[in-house]
Amino acid sequence: MSRQRRTGVGRALNLFGPFIGLLLVIALFALIPEVQGRFLRAANFKSVATQSVIVALGALGMTLIIISGGIDLSAASNIALASVITAYAINAGAAPILAILLGVLTGGLVGLVNGGLVTRLRLVPFIVTMGMMGIARGAAKWIAGNQKIDAPMTWVNELMSKSPRPPWLLLAPGIWIVILFAVAMAVLLKYTVFGRHIFAVGSNEATARLCGLRTNQIKILVYAISGLFCGLSGVMEFSRLTVGDPTVAVGLELDIIAAVVIGGGSLSGGEGSILGTMVGVLIMSFLRNGCTMMGWPNYIQEIIIGAIIIVAVALDRLRHRTA
Amino acid sequence: MRDVAAAPPVLRMAGVSKSFGATRALDDVSFVLGHGQVHALIGENGAGKSTMMKILSGAISPDAGRMEIDGRPYAPSGPADGLRCGVSMIYQELNLAPHLTVEENIMLGREAHTAGWLDRKAMMRKVRESLELVRHPEISPEVPVGRLSVGAKQLVEIARALTNRSRIVVMDEPTSSLTQEDSQRLFEIIRGLKGQDVSIIYISHFLEEIQRVADSYTVLRDGRSVGSGTMEGTSLEDIIQLMVGQKFIQLFPKVEHTAGEPVLSLNSLKGTRMASPVSLTLSKGEILGVAGLVGSGRTEMLRTLFGLDEVEGGAVVVSGAELTGRRPWTRIRRGLGLLSEDRQGEGLAPALTVADNMTLSDLAPYRRHGLLSPSRQRRAVAGLIGTLKIKAKGPDQKVGDLSGGNQQKVALARLLHQKASVLLLDEPTRGIDVVSKSQIYELIGGLAREGKAVLFVSSYLPELLGICDRIVVFHRGVLVESRPTSAWDAAGLMAAATVGRTSREKPIEQRNTV
């Protein structure tokens, strides 16, 4: 009987653990008198959400990859490459929608190559994507001629605008895009055969193969989907900056991975959830936001976020022991 | 009733051969499996059983020979294809995804769906149907498999085979890590499967068990089929003789040894994972057996003693001095050596070489100016490889490539190499072949003769009775009884282990733990 109760508590912790973290972070800054007033404003929450879009899109794909037992270190470089391609296309006179499509597909292509190398050459994802991290970053700089690409203003730049048009949208279109895809991915993971197979591959690949799953095909697809999300994230990056900057988002892959891990993803595969990841993204955004308001220097933020990652994973282990 | 004479057998393998490089793993083997039969496949490790089963499952293809299922040619292109043709394997290393639920595991690869959308209701229905047959209190469709006990996991695999409508189920050492209770349940399920016209190939080292469940048997030796027939009218001696061939083996070789002064005593040792404190004394040159059911606290006692689990109270005295350190490395320095029950996961580093594994716990002799000398390491272990009759290509072979029996000898060799004077052996003969077993018994006897003290934990009663000087029994975490081996018999041990008391004693108070 006690066993069952304990698993109940464990399950509750699993579901709400990341939320508790998020509430703690928000409560922390809400209680500090110096920032309370500014921090708790709707406008501030809106700006935090907008700032989260780029990491959130990357983290959606990364969640799939991590559940499948893989990792993608090239995500941030891929984002930069996609932003450069989008800017390049708009600059060359392409219709905005075509430019967006090009950016997204570039990301997808990089992901496809990642997946192909991981499965065909049987290389460790860490190594393949670390190589791709350099290749994509280099390609971005090459295409951009080692400088920023200025592009004329189009409606693409409104995707990340805090005062959207039409005003009834309330939030930046980018936020709505994140919400839409988050729901889509959560449904994919829970209610489709493909989603279930992603978990199976990450939990025990040998078993998955034995049960007749096409593990290679599943992995390639997962990397390709993740690449598409990086591409979309790159488009948002371009929208935010209004230029295509090949040096943008350096090190962002670690934020993306951290978000997934804080949200309950396990680097050994088989575990993770979209909801958790999204909460993980918000935890980090709110921390950055609060620290900036406090006037704390950048290095303090880095230390705090580093500590949070370790604490989150430690809590995760504890959670598993009680479960 | 089916007309047995007319219907082709479920499975026929004819003239199957397979070589790996220069070694002939299977040589012209033929095999027939009848409808609703349990057919035992017997042989020492390395006799060709696993090669044969890999060919059957489709994991590897034979060099020669052919297979038929129900009279139709069968040539699987891979394990998934074999599964489709109705051949299910239930391996020793369990093939389940720990994060997925029971339902998800059972339906893996065969999910009911409409255009990619899962049809959970349909799947639940199917899963409940197959779980009906394997009934187990721990198993319900929504539980993640990682939370189940080993026995329950095995039943989930069987349920998977059932939902797959498998005609042939291969069970490889199914009871090696099961409790007595779960084994009984398995045997009942096997009977149920036979009733549903499912045929079973049953691989086990426990010959008594084979005698109980199997209808017929085939013995493999050195890649050849050396005998087969019905179980009825065949004695265990006959089978053992077939297994070992001309070689005459004595399963429990007698090695004379005498106990000396006490070398190890536990004074109310209590660990965080032990249910209650344990006191016992072990002398030089003594082999002390520890009996009890799986989970009765034997392993926890060993691990606490060795410093792998946390100590909560009590004292351990080795050679007259109390142990102070709490970590395994301090215990090793004081002469303790532990052989883990989990050979693959903990006992050995499968990717490292024989030499590295043997010397891992004491590398000091091979170090000069902070650098290791692999050549001296190799020279040092060459002797051990000979003494323990380890079948390996040499000190540089990876341990993971050796057979189970030889792996276990490497693990034992490490304790000898580190010159342990008190050996804590946890299930040292689990899952290994008869010849290796006998060699290990002889080795342990020899160690006792040299004056080493051995604590021997085992679930296999005949070996405890065969080689120990004294046997203690654990029941639900409590050491309930200690007697010289001559005062025990198998029934008495089993009674003490299962109900915590023996006929000669008053019942001990019933504990409500677990």
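To find a chain, count down the sequence lines: A is the first, B the second, and so on, and within it residues start at 1.
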Checklist entry - Could you go step by step and tell me if A/Ser74 and A/Glu253 meet the side-chain hydrogen bond (donor to acceptor under 3.5 Å, both in side chains) rule? => result CA-CA 7 Å; A/Ser74 67; A/Glu253 68 277 351; over 6 Å; no
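- Taking A/Phe199, A/Phe194, A/Tyr191 one by one and counting their heavy-atom pairs under 4.5 Å with chain B, the maximum is reached by A/Tyr191.
- The candidate from B/Met89, B/Glu104, B/His113 with the greatest count of non-hydrogen atom pairs under 4.5 Å with chain A is B/Glu104.
- The two atoms that bring A/Met284 and A/Ala259 nearest to each other are CE-N, 3.9 Å, heavy atoms only.
- The residue among A/Ala200, A/Ser266, A/Ala206 with the most heavy atom pairs within less than 4.5 Å of chain B is A/Ala200.
- Using a 4.5 Å cut-off on side-chain heavy atoms (C-beta onward), B/Arg160 and A/Thr207 make contact.
- For a residue to count as touching a neighbouring chain, one of its non-hydrogen atoms must lie under 4.5 Å from one of that chain's; by this rule B/Arg84 does not touch chain A.
- A donor-acceptor pair is defined here as one N or O able to donate and one able to accept, closer than 3.5 Å; such a pair exists between the side chain of B/Arg326 and the backbone of B/Val311.
- Salt-bridge formation is not detected for the pair B/Glu310/B/Lys270: no Lys NZ or Arg NE/NH1/NH2 atom is positioned less than 4.0 Å from an Asp or Glu carboxylate oxygen.
- Residue B/Arg110: no heavy atom, backbone or side chain, is found under 4.5 Å from chain A.
- Contacts between A/Leu210 and chain B at a heavy-atom distance below 4.5 Å involve backbone atoms as well as side-chain atoms.
- Taking the side chain as every heavy atom from C-beta outward, A/Val124 and A/Ile71 never approach each other to under 4.5 Å.
- Residue contact with chain A, scored on non-hydrogen atoms closer than 4.5 Å, involves the side chain of B/Leu83 exclusively.
- Contact annotation for A/Arg209: only backbone heavy atoms (N, CA, C, O) come within less than 4.5 Å of a heavy atom of chain B.
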